[in-house]
Structure formats: structure tokens, C-alpha cells
Amino acid sequence: SSELFTLTYGALVTQLCKDYENDEDVNKQLDKIQLPHFFPRGYNIGVRLIEDFLARSNVGRCHDFRETADVIAKVAFKMYLGITPSITNWSPAGDEFSLILENNPLVDFVELPDNHSSLIYSNLLCGVLRGALEMVQMAVEAKFVQDTLKGDGVTEIRMRFIRRIEDNLPAGEE
């Protein structure tokens, strides 16, 4: 099923490259909140995926951002992509870290054409992370820092905790 997802995702990115004039617009579409009629993009996948994740994983509420990072890397990525990224580069304040993907299954069989050098091919992952964490009351920023498709040795996603979303908490919870 991961191979089917990889191929389907590749077709989606190819179509977006045809539909939009520049890579920045494609990057925004991959991360965007809006839904096209046939395929949810990053953020919306995360919004929908969190319910499935919580039901299947039996993971309880995380108490801090470090625990959240462990669950993302060791449970969520393993469950949905079959990989376990390492967690590195924690900021002194404990509000930022990097997910290092030695192998990114989304880029299997992918080569970026020269005219798409600024395309962030796997930007969908950043949208998924943001959308899923927002549903559990965490506003985060996620962005690619390194990408194997651009010649880097690993793929690195930098995660930054912005704030706890208090106004969405159910009555009686803190």
C-alpha cells in the first residue's frame, strides 16, 4: 500500500506542477488547507489522520513537546510510512527539534527536473504534521531544512512549537 501511495502522490505532484506556474505555488498547494475534489492535501490529511492514529495506536495524551516528538517519530511515521526518523537538534528551550529521515519513501523513484529546483516535493509531510498536531491543540511550524532530492545526505524536517491552542479544548480539560 505504501508503493501505491507513493505512485499516487507522484501523480498528484506532477499534476500540480502542470497546473501552477512556479514551484512556490506548488509547495503551497502541497501544504495547503483547502481540499481539491479528489485528494486531500497535507494539512487536511493530518486533520483526518489523527483520529485514525489515536484509535489504532492506543497512545495517550502527550505531556510535553519531547514526548510528542517521540510519538511522531517512533509511532506515527512507523505506522504510516514504515520508517522511524531520528530526533535531533533540540533547541535549548525545548521548543524545536529536527526529524531526520535517512530514507524518505515519498521520494523513491523520483528525480527533480532542473526546472523544478525549488520544489519541496515532500512538503505534504509538513502539512500532515501541522494538521494532526493542531487537532490535539498544538500549533507548530514544520519546514524542510534538508532534502535528499536536492543532494543532501538526509531529509530533515524542522519542527517548532508555537503555542498550545487553548480555545479548542473540550470543556473540563486543561
Side-chain angles (χ1 to χ4, degrees), residues 1-53 56 68-69 71-89 96-136 138-160 162:
S1 67
S2 65
E3 287 179 2
L4 177 61
F5 175 71
T6 300
L7 293 172
T8 305
Y9 182 68
L12 171 70
V13 175
T14 300
Q15 187 60 51
L16 288 172
C17 286
K18 291 176 183 175
D19 291 347
Y20 292 90
E21 291 184 21
N22 62 56
D23 291 346
E24 275 306 308
D25 290 338
V26 175
N27 295 338
K28 288 176 188 174
Q29 289 298 315
L30 289 171
D31 183 80
K32 192 175 172 170
I33 297 172
Q34 309 305 329
L35 283 173
H37 65 284
F38 67 97
F39 196 99
R41 299 208 175 107
Y43 179 91
N44 280 330
I45 291 174
V47 167
R48 292 177 178 173
L49 204 58
I50 191 67
E51 289 182 30
D52 178 69
F53 172 76
R56 292 178 46 201
T68 301
V71 169
I72 290 168
K74 296 175 183 170
V75 183
F77 268 85
K78 183 72 172 173
M79 184 182 292
Y80 293 104
L81 292 177
I83 60 171
T84 304
S86 42
I87 304 165
T88 63
N89 302 325
E96 289 187 52
F97 66 91
S98 292
L99 290 169
I100 305 295
L101 289 72
E102 298 290 331
N103 297 307
N104 178 356
L106 289 182
V107 301
D108 289 346
F109 318 111
V110 174
E111 288 184 31
L112 286 182
D114 291 338
N115 61 332
H116 289 288
S117 60
S118 60
L119 178 67
I120 305 170
Y121 183 84
S122 299
N123 208 35
L124 173 99
L125 295 175
C126 292
V128 168
L129 290 165
R130 281 187 318 99
L133 290 174
E134 186 172 301
M135 293 298 101
V136 292
M138 294 182 83
V140 299
E141 176 184 273
K143 65 181 180 179
F144 275 84
V145 178
Q146 296 185 73
D147 191 343
T148 55
L149 282 179
K150 297 184 179 187
D152 297 318
V154 295
T155 297
E156 177 181 356
I157 300 173
R158 188 75 181 159
M159 300 282 299
R160 183 174 67 87
I162 298 171

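Just so it is clear, the model here is predicted, and its values are computed rather than measured.
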Drop me the distance from [X]'s [atom1] to [Y]'s [atom2], to the nearest 0.5 angstrom.
| X | Y | atom1 | atom2 | value |
| --- | --- | --- | --- | --- |
| Asn103 | Ile83 | CG | CD1 | 7.5 Å |
| Leu149 | Asn104 | CG | CG | 7.5 Å |
| Leu101 | Asp147 | CG | CG | 10.0 Å |
| Lys143 | Arg160 | NZ | CZ | 8.0 Å |

TODO: State which residue, out of Glu96, Glu141, Gln146, fulfils the side-chain hydrogen bond (donor to acceptor under 3.5 Å, both in side chains) condition with Arg158.
DONE: Glu96
Task: side-chain contact (heavy atoms from CB on, under 4.5 Å) assessment of Tyr80 paired with Val128 - done: CA-CA 11 Å; Tyr80 293 104; Val128 168; over 6 Å; no
Is there side-chain contact between [X] and [Y], with heavy atoms separated by less than 4.5 Å?
| X | Y | value |
| --- | --- | --- |
| Asp31 | Leu124 | no |
| Glu156 | Asn89 | yes |
| Met159 | Leu133 | yes |
| Phe77 | Leu129 | yes |
| Ile100 | Val154 | yes |

- [ ] On the 0 to 90° scale, with breaks at 30° and 60°, tag the Tyr121-Tyr9 ring pair as parallel, tilted or perpendicular.
- [x] perpendicular
TODO: Not counting sequence neighbours, list each pair that qualifies as a salt bridge (Lys or Arg N to Asp or Glu O under 4.0 Å) and has a residue in residues 73-88.
DONE: Asp70-Lys74
- [ ] For the pair Asn27 (side chain) and Ile120 (backbone), establish whether a donor and an acceptor sit closer than 3.5 Å, ignoring hydrogens and angles.
- [x] yes
In residues 105-119, what donor-acceptor pairs under 3.5 Å come from side-chain atoms, sequence neighbours left out?
unit_1, atom_1, unit_2, atom_2, d
His116, ND1, Asp23, OD1, 2.5
Ser118, OG, Asp23, OD2, 3.1

Task: Considering all heavy atoms, the nearest Cys126-Ile157 contact - done: SG-CG2, 4.1 Å
Task: Non-hydrogen atoms of Asn123 and Leu30 that approach each other most closely - done: CB-CB, 4.0 Å
- [ ] Start with the C-alpha distance between Asp25 and Gln29, add both sets of side-chain angles, then the distance that settles side-chain hydrogen bond (donor to acceptor under 3.5 Å, both in side chains), and finish with yes or no.
- [x] CA-CA 6 Å; Asp25 290 338; Gln29 289 298 315; over 6 Å; no
